[in-house]
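Working notes, structure below.
Order of the sequence lines fixes the chain letters, A, B, ..., with proteins taken first and strands second; residue numbering starts at 1 for each chain.
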Protein chains: 2
Amino acid sequence: MEIYKADKKSLYLEKHSIEHLFSAPVKAFMEVHEYQRDDWIIKEGTRPDFLFFVVDGNAKIYITHQNGKVSLINFINAKEFIGEMELLHDVYYTKGIQASTKTICFALPMHHYRKQLMEDAKFLRELTRFLSIKATQMAMKYTQSLAFPLENRLADFILQTADNGVYKEKHVTVCDYLGVSYRHLLHVLTQFCEKQYLQKEGRKYHIKQYDALKGLSQVLKNK
Amino acid sequence: MEIYKADKKSLYLEKHSIEHLFSAPVKAFMEVHEYQRDDWIIKEGTRPDFLFFVVDGNAKIYITHQNGKVSLINFINAKEFIGEMELLHDVYYTKGIQASTKTICFALPMHHYRKQLMEDAKFLRELTRFLSIKATQMAMKYTQSLAFPLENRLADFILQTADNGVYKEKHVTVCDYLGVSYRHLLHVLTQFCEKQYLQKEGRKYHIKQYDALKGLSQVLKNK
DNA sequence: AAGAAAATATGAGATATCTCCTATTTTGAG
DNA sequence: CTCAAAATAGGAGATATCTCATATTTTCTT
């Protein structure tokens with residue numbers, strides 16, 4: 001992890017200003033952190049000292065269960081907060097946050113800004129929106145995971161992440177995200193290939209029948 | 001549904017004042033609604049005109065999937081909001097909200113108060129807390145549902161809802177809530193009885209081995 | 001470049017959970 | 001009080017998903 005200083009810092013502060021998220025300035029004590037792929041931005045179970053705002057890159061939220069299973073709760077993208085739960089709650093089990101790519105965050109020291117932020121309507125409005133979307137997303141994922149088999153959820157995920165008709169996510173990550181075993185994921189992918197929805201080439205999968213996948217994923221959606 | 005007027009209304013407004021949730025008064029246009037058990041406070045897919053605050057009673061959030069399955073997303077208790085998603089978002093698929101008991105809500109007409117509320121730091125702070133807890137809860141339920149079999153989740157649910165050592169929730173509701181089939185729920189309950197964790201009497205279940213259930217439910221928890 | 005660790009692949013058998021069916025009991029509306 | 005609807009109950013077979021085991025390939029570290 002690198003903390004930007006001097007020019008490198010001010011460059012970032014200017015280029016990606018986030019002053020519009022706050023009523024009062026937060027530049028004074030703000031830091032700019034750069035994390036490399038696979039770095040832990042927050043270690044599970046350890047309270048962070050900063051409220052982060054992701055400027056560039058993306059990350060993953062993990063939780064480890066007592067039975068050893070690991071869940072990838074969600075992805076975090078640019079313009080999202082990290083550490084907001086700890087800002088709001090004194091007691092909270094902190095999830096692990098790992099950078100998926102090189103990730104640059106603005107880091108606001110909580111002890112400096114907590115009080116100010118909790119009285120800042122502009123900031124609270126932003127945070128409220130962010131949390132409301134998060135809550136809705138989680139609720140949808142939850143009910144979908146219970147109501148539909150992997151086939152549907154995987155089809156949806158493939159369409160969401162495919163780039164130019166090509167799906168090439170790491171199986172290991174996808175298992176954690178969709179909450180199924182490696183074995184089963186492979187099994188359903190093979191079915192998709194047998195049905196000619198996908199065509200495998202090395203470790204990439206080419207989408208051959210977009211409509212079929214779309215059909216499977218549509219079933220998840222309300223309206 | 002009944003709308004309280006005159007004395008009945010002012011009685012409630014005084015007895016359960018919620019002025020402390022807001023910086024500016026909201027009494028002027030506020031209504032007091034009473035719903036009977038099983039009434040729909042909000043019909044699925046229909047935008048509500050009010051932001052509700054539950055004063056008394058409790059309710060359930062439902063969503064119907066395209067395959068006909070129904071999920072009970074969560075319970076809503078006193079001192080919680082309903083309709084906050086529609087307050088924050090112009091486009092939103094509204095879930096159905098059904099009263100589980102007689103439920104009394106304060107109802108703030110959104111068109112009157114939206115602007116004011118979105119600039120009210122005190123209110124936004126409350127809402128932020130509320131949403132953060134909701135988001136965390138959903139995330140936990142989501143990952144738990146993927147990482148653990150019904151056995152564990154049911155044990156947890158039994159302990160949460162048992163009253164004086166007696167569990168007596170409606171199977172139908174529990175199925176929707178835990179996202180399993182009626183058949184399977186019965187199956188696991190029977191197992192609990194065979195293992196002597198529970199003892200069935202009519203349609204009640206007496207908890208016989210608290211520790212065994214506790215053990216099963218503890219596995220879900222982090223720290 | 002070599003060896004270790006991580007990721008990919010696949011088989012085989014176990015189990016958690018579902019669907020469909022049918023019967024009985026309880027609840028609610030008129 | 002009566003009938004229909006809802007809730008409870010359990011059998012039987014299907015299937016979605018898991019665990020374990022093992023082999024190969026790729027990636028990372030030194």
Side-chain angles (χ1 to χ4, degrees), chain A residues 36-39 60 62 65 67-72 98 100 143-157 167-195 198-205 216 219-220, chain B residues 36-39 60 62 65 67-72 98 100-101 143-155 157 167-195 198-205 216 219-220:
Chain A
Q36 298 307 312
R37 177 163 190 251
D38 294 344
D39 275 0
K60 294 174 285 191
Y62 279 105
H65 300 279
N67 63 358
K69 281 201 189 174
V70 170
S71 295
L72 202 191
Q98 185 181 37
S100 315
T143 61
Q144 287 168 0
S145 74
L146 293 175
F148 300 94
L150 180 61
E151 182 177 51
N152 298 95
R153 296 180 292 129
L154 179 59
D156 192 52
F157 183 75
Y167 168 80
K168 51 177 174 184
E169 297 300 315
K170 271 200 195 167
H171 298 331
V172 178
T173 307
V174 179
C175 291
D176 291 343
Y177 185 63
L178 297 179
V180 295
S181 67
Y182 189 92
R183 192 64 195 83
H184 189 52
L185 173 63
L186 269 273
H187 183 230
V188 175
L189 277 171
T190 306
Q191 282 181 8
F192 281 179
C193 290
E194 281 167 2
K195 290 179 185 162
L198 299 177
Q199 188 166 25
K200 190 173 172 187
E201 187 200 321
R203 41 193 57 185
K204 293 178 189 164
Y205 293 80
L216 287 173
V219 176
L220 300 182
Chain B
Q36 298 307 312
R37 178 164 189 251
D38 294 344
D39 276 359
K60 295 174 284 190
Y62 278 107
H65 299 281
N67 63 359
K69 281 201 187 173
V70 170
S71 295
L72 170 47
Q98 185 182 37
S100 315
T101 63
T143 62
Q144 288 169 0
S145 74
L146 293 175
F148 300 94
L150 180 60
E151 183 177 48
N152 299 93
R153 296 179 292 130
L154 179 59
F157 183 74
Y167 167 80
K168 51 179 173 184
E169 298 300 313
K170 271 200 197 169
H171 298 331
V172 179
T173 307
V174 179
C175 291
D176 290 343
Y177 184 62
L178 297 179
V180 295
S181 67
Y182 188 93
R183 192 64 194 80
H184 189 53
L185 173 63
L186 268 270
H187 183 230
V188 176
L189 277 171
T190 304
Q191 282 180 10
F192 282 178
C193 290
E194 281 167 2
K195 291 178 186 162
L198 298 177
Q199 188 166 24
K200 190 173 172 186
E201 186 199 324
R203 41 194 57 186
K204 293 177 190 165
Y205 294 80
L216 287 174
V219 177
L220 300 183

Length of the [atom1]-[atom2] vector between [X] and [N], whole Å:
| X | N | atom1 | atom2 | value |
| --- | --- | --- | --- | --- |
| A:R203 | C:dA7 | CZ | P | 10 Å |
| B:L189 | C:dA16 | CG | P | 15 Å |
| B:K204 | D:dT8 | NZ | P | 14 Å |

When you measure from the side-chain N and O atoms of [X] to the phosphate of [N], is any distance below 4.0 Å, counting only OP1 and OP2?
| X | N | answer |
| --- | --- | --- |
| B:K170 | D:dA6 | no |
| B:H187 | D:dG10 | no |
| B:Y182 | D:dA7 | no |

message: Could you check whether any side-chain heavy atom of B:H171 comes within less than 4.5 Å of a side-chain heavy atom of B:L189, counting everything from C-beta outward?
response: yes
Close side-chain approach of B:F192 and B:L216, heavy atoms under 4.5 Å: yes
message: Considering every strand and a 4.0 Å limit on heavy-atom distances, what is the contact class for A:H184: base, sugar-phosphate, or nothing?
response: base
Report the nucleotide, chosen from [options], that has the shortest atom-to-atom distance to any side-chain atom of [X].
| X | options | result |
| --- | --- | --- |
| B:V172 | D:dA16, C:dA9, D:dT8 | D:dT8 |
| A:S181 | D:dT8, C:dA9, D:dC18 | D:dC18 |
| B:L186 | D:dA9, D:dA7, C:dA16 | D:dA9 |

statement: Walking DNA chain D from its 5' end, the first of B:R183 and B:T173 to be reached, judged by nearest nucleotide, is B:T173
query: Do you know which two heavy atoms are closest between A:L72 and A:Y177, and how far apart they sit?
result: O-CD1, 3.5 Å
- prompt: Atom OH of A:Y62 and atom CG of A:D176: how far apart are they, to the nearest 0.5 Å?
  reply: 5.0 Å
5′-ward residue of the pair A:K200/B:L150 relative to DNA chain C: A:K200
